[in-house]
2 protein chains.
Amino acid sequence: MSVLSDHIEAFIKASMGDLPQVELCRQALAAQFHCAPSQINYVLATRFAPDLGYVIQSKRGGGGYIRILRINIDKEAYLMALISQGIGEAIRESQARALIDRLYEREVIQGQEARLMRAAVADQTLKAACHEKDILRAAVLKSMLLALAGGAEVEV
Amino acid sequence: MSVLSDHIEAFIKASMGDLPQVELCRQALAAQFHCAPSQINYVLATRFAPDLGYVIQSKRGGGGYIRILRINIDKEAYLMALISQGIGEAIRESQARALIDRLYEREVIQGQEARLMRAAVADQTLKAACHEKDILRAAVLKSMLLALAGGAEVEV
DNA sequence: TACCCATTGGTCAGAGATAGTCAACAAGCC
DNA sequence: GGCTTGTTGACTATCTCTGACCAATGGGTA
């Protein structure tokens, strides 16, 4: 079954080739495929999601763009596993701290980075109701792990 | 994808080189880039703002000029100033990114740390209503800056 | 000195150019 | 039919650029 989203996905992947990143123009791409611009967002959300090893950056306004960065999954399998399985929808502060400590022990991160991460996910930092806090913490933690996994090869 | 503002910014930075300041003539610059004079103000406001480490001085009338000064900062004092004044109750993603970029340029943080911080304060990360997002982002950012400022003495 | 006015930069609202979000509808697949 | 996936359009958010109008400076002139 070959559907529009698949074509767009294939086109983007072909554009990327072996490069670590590619830059698109949403409007132009939508015009090229004769679809609504939001269709591009759908493809990005479903085929180039963080869990699938991609990071999306974009800018609006004149000269706007959408940039897709690829993560080297082989190299960072541990982080990706953490992101997709090790952290659920929510995570408590103590669990997050333990996870960060493990990263430090395994030398995935340095002291300064560990301090940054702890600060970002601290209970005191996340102003929200208790359960919301844990959800938020999970999101922040995942996002940072993704940055660790994907950032190394790309100038962000 | 580069746009007029980017070109003007690049030109000014090239003019500066390693010097601590540079002097421009708004009209002449606008003529050089075939744009409205106010476009220069736009570039100054968005690319050479105080948050980005610059100070603008200017004089009108005959022999008028625009002078751009690069600020040199003391790391700890800068961080503390950012925490107490530079960041309010809320901060937008673009402002937060600019702030992090500046820390990176000034070598207060390294590339990996910058990526971590950007990830933590990204719009995509902070799942909340728009205004709540900005408040949350300010809290996360401040918390991380505090970690940077006080990090050396804190137990790992 | 007092005033005029040419010259130069500042401000701001609005238009234009992109991209993001979300709810509703459509198409496929048990 | 009901669930999942795909598609769209209306509305929103953000970034860029411009022009009309405002403000300041300094030289010229009465």
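Throughout, a chain's letter reflects where its sequence line sits, starting with A, and its residues are numbered from 1.
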Is there a donor and acceptor pair closer than 3.5 Å between the side chain of [X] and the base of [N]?
{"X": "S38(B)", "N": "dG19(D)", "answer": "yes"}
{"X": "R26(A)", "N": "dG20(C)", "answer": "yes"}
{"X": "S5(A)", "N": "dG6(D)", "answer": "no"}

At under 4.0 Å between heavy atoms, what does [X] touch on the DNA or RNA strands: base, sugar-phosphate, or nothing?
{"X": "R47(A)", "answer": "sugar-phosphate"}
{"X": "I40(B)", "answer": "nothing"}
{"X": "S94(B)", "answer": "sugar-phosphate"}

What's the closest nucleotide to the A36(B) side chain, out of dG19(D), dA19(C), dG9(C)?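 Of the candidates, dG19(D) comes closest.
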Any idea which of dG10(C), dT16(D), dT7(D) is nearest the V3(B) side chain?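 Comparing dG10(C), dT16(D), dT7(D) against the side chain of V3(B), the answer is dT16(D).
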Carboxylate-amine/guanidinium proximity below 4.0 Å for R92(B) and D123(B):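 No, no charged N to carboxylate O under 4.0 Å.
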Length of the [atom1]-[atom2] vector between [X] and [N], whole Å:
{"X": "Y65(B)", "N": "dT7(C)", "atom1": "OH", "atom2": "C1'", "result": "15 Å"}
{"X": "Q95(B)", "N": "dA13(D)", "atom1": "CD", "atom2": "C1'", "result": "14 Å"}
{"X": "Q39(B)", "N": "dA15(C)", "atom1": "CD", "atom2": "P", "result": "18 Å"}
{"X": "F33(A)", "N": "dG6(D)", "atom1": "CZ", "atom2": "C1'", "result": "15 Å"}
{"X": "E9(A)", "N": "dT7(D)", "atom1": "CD", "atom2": "P", "result": "12 Å"}
{"X": "I66(A)", "N": "dT18(C)", "atom1": "CD1", "atom2": "P", "result": "12 Å"}
{"X": "D134(B)", "N": "dT14(D)", "atom1": "CG", "atom2": "C1'", "result": "13 Å"}
{"X": "N41(B)", "N": "dG9(C)", "atom1": "CG", "atom2": "C1'", "result": "7 Å"}

Can you tell which of M117(B), R115(B), E113(B) makes a side-chain contact (heavy atoms from CB on, under 4.5 Å) with E113(A)?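 When M117(B), R115(B), E113(B) are each tested with E113(A), the side-chain contact (heavy atoms from CB on, under 4.5 Å) holds only for E113(B).
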